[in-house]
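Okay, structure first, notes after.
Atom set for the values below is all heavy atoms of this structure, side chains included, hydrogens, waters and symmetry mates excluded. Sequence lines set the chain letters: A, B, ... in the order given, protein chains first and strands last, and positions in each chain run from 1.
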Amino acid sequence: MLVLQAIRENKEQLITALKKRNLDAEPLLNQVSELDEKRRAIQTQMDSTLAQLNSLSKEIGNLFKSGKAQEAKVLKEQTIQIKEDSKKLSEELNEVVSALDQALFLIPNIPHELVPAGSSEDDNEEIMREGEIPELFEGALPHWELAKKYDIIDFELGVKITGAGFPVYKGKGARLQRALISYFLDKNTEAGYQEMQVPHLVNAASGFGTGQLPDKEGQMYHVTADDLYLIPTAEVPVTNILRDTILSYKELPVRYTGYTPCFRREAGSYGAHVRGLNRLHQFDKVEIVRVEEPSNSYKALDEMVKHVQKILRELELPYRILRLCGGDLGFTSALTYDFEVFSTAQDKWLEISSVSNFENYQSNRLKLRFKDKNGKTQLAHTLNGSSLALPRVLAGILENCQTKNGIKVPKVLVPYTGFEIID
RNA sequence: GGAGGAAUGGCAGAGUGGUCGAAUGCGGCAGUCUUGAAAACUGUUGAGGGUCACACCUCCGGGGGUUCGAAUCCCUCUUCCUCCGCCA
């Protein structure tokens with residue numbers, strides 16, 4: 001969530017910046033300012049009430065010690081009213097604080113100046129494109145047909161076991177999937193990201209820390225018996241490793257990578273565009289997370305983008321990079337680059353990575369801070385990105401690498417798969 | 001699942017009703033010494049709110065209670081440890 005200090009100091013600029021999200025934030029920010037002032041007023045009152053009580057208690061103690069029980073009794077009576085007052089004030093304070101929090105939760109992150117204006121994905125800005133889109137032969141198939149033809153992914157079997165959106169990967173399909181995971185993790189480790197294996201269920205505090213809660217509760221599977229959530233992305237457990245932490249500037253930057261399955265309810269659209277691997281309830285993803293000093297976070301974002309590019313280049317997949325417009329930008333992000341791979345047989349682009357800088361929006365919730373060189377404690381910046389989301393990479397490989405004789409595995413993956421062709 | 005024990009600052013560990021935001025040790029930081037480093041010595045060292053700055057307020061796992069006053073007493077939840085049972 002936004003830092004109160006920033007709202008106090010730059011309200012007008014924030015309102016202007018948030019217009020890029022097509023949001024009129026003025027009423028909300030005004031509400032926050034009001035509640036903030038109210039909170040401070042009540043707090044001040046309560047503090048002085050408690051100060052009175054503290055000094056009275058001290059006096060009473062001294063009187064008892066010097067044997068003046070009678071005088072102490074008089075003072076004791078005075079405390080009754082004070083205690084009543086402070087109780088009332090503390091109730092008021094709680095109300096105001098929770099109203100303030102509620103209001104703050106409704107305000108998304110401030111878009112970075114590079115974020116283009118726009119209302120939907122059509123307004124995203126394509127900043128580069130690389131890789132050859134292959135000419136497919138007559139009779140080339142979309143990936144779900146290929147999956148069936150070579151018996152490497154079974155969607156119906158997943159339906160039997162669980163339901164739609166939970167495919168079963170078989171044989172060389174499973175092996176290719178595992179190869180991709182290993183390959184991604186190796187690339188990330190090489191680039192200095194520490195590999196982490198994290199829980200796939202998280203508590204509410206973690207969901208709250210990275211911003212999935214309270215606003216996006218419906219997107220997660222909720223295990224009510226234990227009040228835990230299946231993770232929608234490794235971002236949640238991996239970033240929460242550092243919740244409530246004060247790092248030294250020497251420990252920055254922190255770079256983590258982790259592979260996890262991801263679970264998304266994705267209630268909403270159905271139809272042709274969710275066919276096959278395009279959209280699933282459970283999928284695998286390798287994630288990279290960074291924690292940075294504020295002054296370095298945009299350089300870090302660029303590094304992450306370059307890193308993902310490098311992987312895609314090695315996989316020889318045609319891709320493009322989009323800078324998300326204000327209307328498509330995630331709630332917690334300040335600047336996001338999406339990577340899309342071209343799905344030749346479907347003749348469309350599929351999102352395979354999203355790399356974002358959250359600045360201090362997450363860290364403010366997470367209480368993820370660091371002590372700078374001057375010994376001052378301040379909020380760190382958090383970033384994350386997919387490197388990469390598996391199903392659509394797999395779809396891209398199947399469709400773009402299909403030949404009449406089978407699917408040619410990208411060269412870099414052969415050491416991981418142990419085979420060169422799926423036939 | 002059954003029986004006991006515990007939860008205090010970065011870590012270890014004292015503190016059992018007022019003088020405790022908290023001894024002591026380690027670690028961290030700064031300095032003295034040294035060509036430099038180590039050792040030794042000296043100082044400093046939790047977080048949040050609030051203030052121009054002080055004052056002041058809150059926090060000893062979470063929540064509630066007793067009391068003029070709670071790290072300390074009571075209730076409750078959570079977590080961890082030991083033993084037993086079950087089990088990958």
Once you apply a heavy-atom cut-off of 4.0 Å, does [X] come out as touching a base, just sugar-phosphate, or nothing?
X: A/K250; value: sugar-phosphate
X: A/L75; value: nothing
X: A/T79; value: sugar-phosphate

[X] [atom1] to [N] [atom2], straight-line distance once rounded to whole Å:
X: A/R369; N: B/G10; atom1: CZ; atom2: C1'; value: 14 Å
X: A/K58; N: B/U67; atom1: NZ; atom2: C1'; value: 17 Å
X: A/K76; N: B/G18; atom1: NZ; atom2: C1'; value: 13 Å
X: A/I82; N: B/C68; atom1: CD1; atom2: P; value: 13 Å
X: A/Q5; N: B/G48; atom1: CD; atom2: P; value: 13 Å

Measure from the side chain of [X], starting at C-beta and using heavy atoms only, and say which of [options] lies closest.
X: A/K83; options: B/C57, B/G69, B/G48; answer: B/G69
X: A/T377; options: B/G46, B/G50, B/G48; answer: B/G48
X: A/N54; options: B/C68, B/A47, B/C57; answer: B/C57
X: A/L50; options: B/C57, B/A47, B/G69; answer: B/C57
X: A/A51; options: B/G49, B/G50, B/C56; answer: B/C56
X: A/I246; options: B/G49, B/C68, B/A47; answer: B/A47

Could you say whether A/I60 or A/N94 is positioned toward the 5' end of RNA chain B, judged by the nucleotide with the nearest heavy atom to each?
A/N94
Judged by nearest nucleotide, the residue sitting upstream toward the 5' end of RNA chain B, A/G375 or A/S48, is A/G375
Spacing of CG belonging to A/N364 relative to CD belonging to A/Q5, to within rounding of 0.5 Å
11.5 Å
Please determine if a side-chain N or O atom of A/R39 lies less than 4.0 Å away from the OP1 or OP2 oxygen of B/G49.
no
Rounded distance in Å between the P positions of B/C73 and B/U82
25 Å
C1' atoms of B/G9 and B/C60, separation to the nearest Å
9 Å
Report yes or no: is the cationic atom of A/R365 (NZ for Lys, CZ for Arg) closer than 6.0 Å to the six-membered ring centre of A/F208, at no more than 45° off its axis?
yes
Sort out for me which residue in A/F166, A/F155, A/F263 forms a ring pair (Phe, Tyr, Trp, His ring centres under 6.0 Å) with A/H281.
A/F166
Is the distance between the ring centroids of A/Y193 and A/H307 under 6.0 Å?
yes
How about A/H381 and A/Y298: are their ring centroids closer than 6.0 Å?
no
Donor-acceptor pair under 3.5 Å: do we get one between A/D47's side chain and the base of B/G49?
yes
